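Some notes on the structure that comes next.
Computed over heavy atoms, backbone and side chain alike; hydrogens, waters and symmetry mates excluded. Note that the structure is a prediction, hence the values are computed from the model and not measured. Numbering of ligands and ligand atoms starts at 1, following listing order.
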Amino acid sequence: MSHDPTHTGQARYAWREVDRAEQPKRAAAERITDFHEIYSLFDEATIREQASRCVQCISPACVTGCPLCNRIPEWVSLAAEGRFLEAAEISRATSNMPEICPRVCPQERLCEGACVIHAPEEPVCIGAIEKFISEYALAHGAVPAIRATPNGRRVAVIGAGPGGLACADELSKLGYGITVFESQLLPGGLLLFGIPAFKLGKEVVERRVNILRQQGVEFKVGVTVGKDISLAQLLKDFSAIYLGIGALKARPLDVAGTDLQGVIQGLPFLAQKNAPISLGLPPVEVKGRRVVVLGGGDSAMDCLRTAIRCDAADTVCAYRRDLANMPGSRKEYANALEEGARFVFLTNPLALEGNANGEVTAVRCVRMELGEPDASGRRKPRAVAGSEFTLQANLVLIAYGFDPVPFPKDSDLSQLATNDWGAIKVDEHQRTNVERVFAGGDVVRGPSLVVHAVRDGRKAADSIHRDLSEPSPVPAA
Ligand code: SF4
Ligand code: SF4
């Protein structure tokens, strides 16, 4: 295969002639000195060339692989012709944040993993093309804030994370008056407080929120629904409610020693180090410490890479399965490795050890081996007898995932039906058991991807619009 820098993308189906290119990435030695995004955009010629690799499948598997069913072949084709603004317009039709999703989607498991070129060759770089056309449109002032004629109805969105923002966007474009209630002091949810800026710049999230503000969406921050305002009050003031409040209750580490100093949950650690404002969380000293991260998901990768940027002496990830069965994105795993993280696979903690001052000093571990696949399809790990060993650590970060926070018993949110692990039950239209209350995202499905939250928010907006448009006794609020 050859690279011709003068290639302009007009020749289609060029996957045999053009290698897949990876997005320009800053060198690891440079990027670990700051929290800025590590990837930059391709130039126009490279985008056209990369887009020309697509064979324009009649039944495009990439679309099926994208949770938003993005119209990928259409905008890839336009990108190959250099018609970037038209491409971006089509991408916006199915996504409320096409500049954000490609920054955080694990494409290898979604659109690019499904691309038909994948296997004989490398897939079309769909994520990089989507990001490029979206940034191009934003830079050219071609992403208008759509001010629809008010339809007289008001909808409350609870939670300003990706699902809440997507729902607010969809409904405001239909003329609904939208108020977004957010318990933090800035809108953005996990996009702002959970995902590190080296993956998703804070200014990218703020820019998207500002488009919604220009669209007329009102944000009420520092308001906790169920505490500062009741569900009953919201149902009085609004025609419908969307709950996109996430899942923030950390799954515990069930071994001795978790009360030692220097043992903390991954999410508060990430929030403390990444939030653009002070959250009043206790400081966590990382410089010069030996950090052990427990877990194998994207939060674990984020903890490792954040600790490296905070000058940890050593960062080790201990995960109970092997690399093939690790849930974290391969892209983020590779980035963590490049930045100096070490991985100890097939390793489970047995206890955390401390010194006389009550500070953690080590993680006692046991080697694991993989047995038969469990219900999730992944092979179940089991301990190898007599294989115990110790990892030195003076900061242990637990990144085992999250469950929804239970509603306070005295809150009227507790009338919402939940399942065994506290997730809100919804029907296929995102409706809860309480009339006019809808829910989606992590509070329904457990910790998942940004793109899944966006899909739920869009689906709920569609259901809300349909329900409120039908002749019914629901009063206008
Ligand atoms: Fe791929 Fe995610 Fe974009 Fe869908 S939203 S096309 S999965 S990067
Ligand atoms: Fe193009 Fe791949 Fe999608 Fe086919 S599956 S339309 S080659 S991006």
(Q) Cation-pi check for Phe198 against Arg305: NZ or CZ below 6.0 Å from the six-membered ring centre and within 45 degrees of the axis, yes or no? (A) no
Q: Record the part of Glu112 in heavy-atom contact with ligand 1 below 4.0 Å; permitted values are side chain, backbone, both and neither.
A: neither
Q) Passes salt bridge (charged side-chain N to carboxylate O under 4.0 Å, His left out), Arg53 versus Glu121? Steps please. A) CA-CA 11 Å; Arg53 298 181 71 237; Glu121 287 293 338; 5.3 Å; no
Q) Are the aromatic ring centres of Phe132 and Phe84 under 6.0 angstrom apart? A) yes
Q) Which atoms from ligand 1 have a heavy atom of Leu110 less than 4.0 Å away? A) 7 (S)
Q. Atom 2 (Fe) of ligand 1: which of Ser134, Gly113, Cys105, Pro98 has the nearest heavy atom?
A. Cys105
Q) Of all the atoms in ligand 1, which lie at a distance below 4.0 Å from a heavy atom belonging to Cys101? A) 5 (S)
Q) For ligand 1, which atoms have a heavy atom of Val451 less than 4.0 angstrom away? A) 5 (S)
Q. Which ligand 1 atoms are under 4.0 Å away from a heavy-atom of Ile72?
A. 6 (S)
Q: Check if Val76 has a non-hydrogen atom at a distance under 4.0 Å from any atom of ligand 2.
A: no
Q: Could you tell me whether Arg154 and Glu218 make a salt bridge, using a distance below 4.0 angstrom between a side-chain N and a carboxylate O?
A: no
Q) Backbone or side chain, does Cys111 get an N/O/S atom under 2.8 Å to atom 4 (Fe) of ligand 1? A) no
**Q.** Test log, rule side-chain contact (heavy atoms from CB on, under 4.5 Å), inputs Glu99 and Val143
**A.** CA-CA 11 Å; Glu99 77 287 16; Val143 181; over 6 Å; no
Q | Numbering as shown, the atoms of ligand 2 that approach Val55 to under 4.0 Å (heavy-atom distance) | A | 1 (Fe), 7 (S)
Q. Would you call Asp462 and Arg466 a salt bridge, using N to O less than 4.0 angstrom?
A. yes
Q. At what distance is the nearest protein heavy atom to atom 4 (Fe) of ligand 1, and which residue and atom is it?
A. Cys66 SG, 2.4 Å
Q. Is atom 4 (Fe) of ligand 2 less than 2.8 Å from an N/O/S atom of Cys62, whether that atom is in the backbone or a side chain?
A. no
(Q) Suppose we measure from atom 6 (S) of ligand 2 to each protein heavy atom; which comes out shortest, and what is that distance? (A) Cys57 N, 3.4 Å
Q: For the residue pair Asn335 and Lys199, confirm or rule out a side-chain donor-acceptor distance under 3.5 Å.
A: no
Q. What atoms of ligand 1 come closer than 4.0 angstrom to any heavy atom of Glu130?
A. 3 (Fe), 5 (S), 6 (S), 8 (S)
(Q) Side chains of Gln430 and Ser463 only: does a donor on one sit below 3.5 Å from an acceptor on the other? (A) no
Q: Look at atom 1 (Fe) of ligand 2 and say which protein heavy atom is nearest, naming residue and atom and giving the distance to 0.1 Å.
A: Cys54 SG, 2.3 Å
Q: Please could you name the atoms of ligand 1 that Asn70 approaches to less than 4.0 Å, counting only its heavy atoms?
A: 3 (Fe), 4 (Fe), 5 (S), 6 (S)
Q: Would you verify whether the NZ or CZ of Lys331 falls within 45 degrees of the ring axis of Tyr39 while also being under 6.0 Å from that six-membered ring's centre?
A: yes
Q. Should you measure from each heavy atom of Val116, which atoms of ligand 2 turn up under 4.0 Å away?
A. 2 (Fe), 4 (Fe), 5 (S), 7 (S)
(Q) Check whether Ser299 reaches the backbone of Ala399 with its side chain - one donor and one acceptor, N or O, closer than 3.5 Å. (A) no
